[in-house]
Amino acid sequence: MQKKNKSTKCLLPIDMSKPKRFKSETTLLENLPNELFLEAFGYLNGVDVVYGFSQLNYRLEDLLNNYVTNFDFKSVSRAKFTYITQRHDIHRWRSLHMSDDDHTPGQIKCFSQLFPPNEYINRLECLSVLHMKPGFAQEFLLQIRSLNNLVSLSIGQICGLNIQSIELSSLKRLILTSCKHTNWIQNFQTLENLQYTIDYNCSHSHSLILPRTLKHFKIFYSEREDGDDLRKLLKQLPQLTRLTLYDRGKVSPIPDGRTWEELIVSSLPLLKTFQFFFPFCQYRYLSSDINQILASFSTPFYLSEKHWFIRYDRSSCDSNTGTVYSLPFAFSSMAINIHSFDMSATTLPFNDSDKIETHYYSKINTIVLHEKCKEPHTEIFSSNIVHLILKVNLPSWIDLLTNLRCLHVGWNVHMTPTECSHLLQNASNLRSLKISIFSLKIVTDKFSNETVCNELSRKIESLTISNFVDGYSRRSVSVRVLTSLVRIFSMNCQHLTIALMSHPNTVYPILRRMKNLRSLHITWSVQRRNFSTPISQLLQEQSTDPKAIDFIDTYDGNQLFIWFGNRI
């Protein structure tokens, strides 16, 4: 008798005409294990986690209080800010980010009044307080003296003239926007990483003083002449292993690689990474310049010993400007100040040139156009350009910027309604617009072009009507023009910055129509002393909603900042 193969399976015919029946099971959110919740929380901002999962059950409340410790309040609504600070135990927080920018004005001061840092958040390891009003900086710095666990601090803007030296015993990383008065940080004896943006609005001149313990130093500056003062500073930082320089100057001379080589060899023996962006301006054009620049950055020190490579960008036109920068490009913003890249050259080895297309420009998310340039390096568009600052008319390659979210239109930019309509339809993700009232009238044909107006109404959530050019006021918005602005932007605009020429008693009934407004920044051409009624009282009197008084108003000269909670 033949044995049956044990691996043989009996296949039964299936009647496909009968519908399949599945067992219906419901999985409750609260049945998920704690580990899965914590894994998901790790990918989210603590503000969103607490706001979304609070008051569900005791188990989730316990997870939120014990494991959610990182909070970023940048651009949050006033209502959400209040909800989080009232419902979460801030004693456990390890990371806190706040900002006094135009989206959340007064946030830092409000938080400090509710929860003085030296009393409530001494377990913080990371603290970021940006766009701080200089007048409040000294008071705030006194409050954080006791944060002995602080490892990372981001702070700006600061005028250090009257700030006393403080000590933060654990601080290793500092991001600072400040004038040149930096004496107050010289006792940060554990500081290793400094990113420093020099704010030149301070009228007090001073020589920079930095801790000698620095290993990584990144600086954004605009020094006169050849930057010799900066090199004198660098000679005092012998521990540097990474140096990153971004020159924002407009009349800098042609950079010389040999000068930097001599500095590094003599004073920075530990330096492993040297990154830079050097724009230059030369009044007398010489065709040999490109060879001289390349030669100075092509010595054995750069190419063989350090493997540091550069790119030189310059137009063949009569332009007297150009740029020399390190590769890979080390910055999020790239300024383009030439007509074309037809004289571009690089010290990168030929067999490595294909790498440019993959990652050499991947950090760039902002382009600043100072010239109407022909199409830039194609590899730039492999990165995610989300912010465009136009100081000239629209380039022909604007359609390549499909991920654009923020657009800044300079004062002298001329754009027709047709061009604007095309840009708006191509930039489907555009949400933020900064533009002068003069330019806005042109692109909307004095607010009569329905296509452009409808696109702006549908897209723009953050609007800045700029009235300053190179520090000088040009034009404020009249009540009549304001009426047109409100008509266009009232549907979706959440953040408005504007300069007005009229009294607030006149404009607030109009602004009340912008129901979705979260923040408001107004600059008046009239002096505040002429106002008969305080702004806070004015807002309350004009509101019929008792919850509408939930806002913060801050004055700074003839400027008013309001951060709304429940909208009026």
Side-chain angles (χ1 to χ4, degrees), residues 9 14 16 18-99 103-104 107-108 110-111 114-115 117 119-130 147 149-154 170 172-173 362 365 384 386 403 405 428-429 431 461-462 492 494-495 516 518-519 547 550 563-567:
K9 295 182 179 179
I14 299 176
M16 300 299 294
K18 295 182 178 180
K20 296 180 180 180
R21 300 182 64 185
F22 295 96
K23 184 178 180 181
S24 177
E25 295 182 356
T26 302
T27 301
L28 298 177
L29 182 64
E30 61 185 21
N31 289 339
L32 297 176
N34 289 347
E35 293 78 9
L36 194 58
F37 278 110
L38 297 181
E39 178 74 15
F41 291 170
Y43 290 97
L44 302 173
N45 179 6
V47 173
D48 297 322
V49 173
V50 173
Y51 191 76
F53 289 90
S54 288
Q55 296 183 300
L56 295 181
N57 57 46
Y58 289 112
R59 174 192 168 212
L60 283 176
E61 288 290 335
D62 186 62
L63 289 177
L64 295 177
N65 277 318
N66 286 284
Y67 294 99
V68 180
T69 58
N70 302 324
F71 292 84
D72 186 351
F73 288 103
K74 181 180 179 181
S75 297
V76 305
S77 66
R78 176 74 172 87
K80 185 178 289 189
F81 174 85
T82 302
Y83 183 91
I84 301 302
T85 53
Q86 289 179 348
R87 297 185 180 277
H88 200 269
D89 184 5
I90 68 171
H91 296 83
R92 300 177 181 270
W93 290 8
R94 299 296 179 88
S95 177
L96 173 62
H97 299 267
M98 296 184 292
S99 175
H103 286 191
T104 52
Q107 184 183 90
I108 299 172
C110 175
F111 186 90
L114 293 173
F115 313 104
E119 298 180 16
Y120 294 98
I121 52 177
N122 54 10
R123 295 181 62 181
L124 274 183
E125 297 175 359
C126 179
L127 174 63
S128 176
V129 281
L130 303 179
L147 300 185
N149 293 318
L150 201 62
V151 175
S152 176
L153 173 64
S154 301
S170 299
K172 293 185 177 297
R173 182 172 183 264
S362 60
N365 58 39
N384 186 26
V386 297
N403 294 322
R405 292 188 60 85
S428 58
N429 296 318
R431 296 295 179 268
E461 297 176 357
S462 177
N492 289 316
Q494 300 177 10
H495 310 284
N516 293 317
R518 291 184 180 179
S519 66
K547 296 182 180 180
D550 180 21
W563 187 26
F564 295 104
N566 300 297
R567 274 296 295 124

Is a side-chain donor-acceptor pair under 3.5 Å present for [Y] with [X]?
{"X": "His88", "Y": "Trp93", "answer": "yes"}
{"X": "Arg431", "Y": "Asn492", "answer": "no"}
{"X": "Ser519", "Y": "His103", "answer": "no"}
{"X": "Asp89", "Y": "Asn65", "answer": "no"}
{"X": "Asn70", "Y": "Arg94", "answer": "no"}
{"X": "Ser95", "Y": "His97", "answer": "yes"}

Exercise. Let me see the working for Phe41 and Phe53 under ring pair (Phe, Tyr, Trp, His ring centres under 6.0 Å), right down to the final yes or no.
Key: CA-CA 10 Å; Phe41 291 170; Phe53 289 90; 5.2 Å; yes
Quiz prompt | Within 6.0 Å of NZ in Lys80, more than 12 heavy atoms from elsewhere | solution = yes
Exercise. Please say whether more than 12 non-hydrogen atoms of neighbouring residues, nucleotides or ligands are located less than 6.0 Å from OH in Tyr83.
Key: yes
Practice problem: Using modelled atom types only, decide if a donor and an acceptor are shared between the side chain of Thr85 and the backbone of Thr82 within a distance under 3.5 Å. | Solution: yes
Self-check item: Heavy-atom donor-acceptor pair, Asn66 side chain to Asp62 backbone, under 3.5 Å
Solution: yes
Self-check item: Nearest non-hydrogen partners of Phe37 and Leu63, listed with the distance
Solution: CB-CD1, 4.1 Å
Quiz item: Taking all non-hydrogen atoms of both residues, which atom of Gln107 and which atom of Trp563 are closest, and how far apart?
Solution: NE2-CH2, 3.4 Å
Exercise. Evaluate the ring planes of Phe81 and Phe111, with Trp represented by its six-membered ring, and classify them as parallel (under 30°), tilted (30 to 60°) or perpendicular (over 60°).
Key: perpendicular
Quiz item: Can you check side-chain contact (heavy atoms from CB on, under 4.5 Å) on Leu38 and Leu36, steps first, answer last?
Solution: CA-CA 5 Å; Leu38 297 181; Leu36 194 58; over 6 Å; no
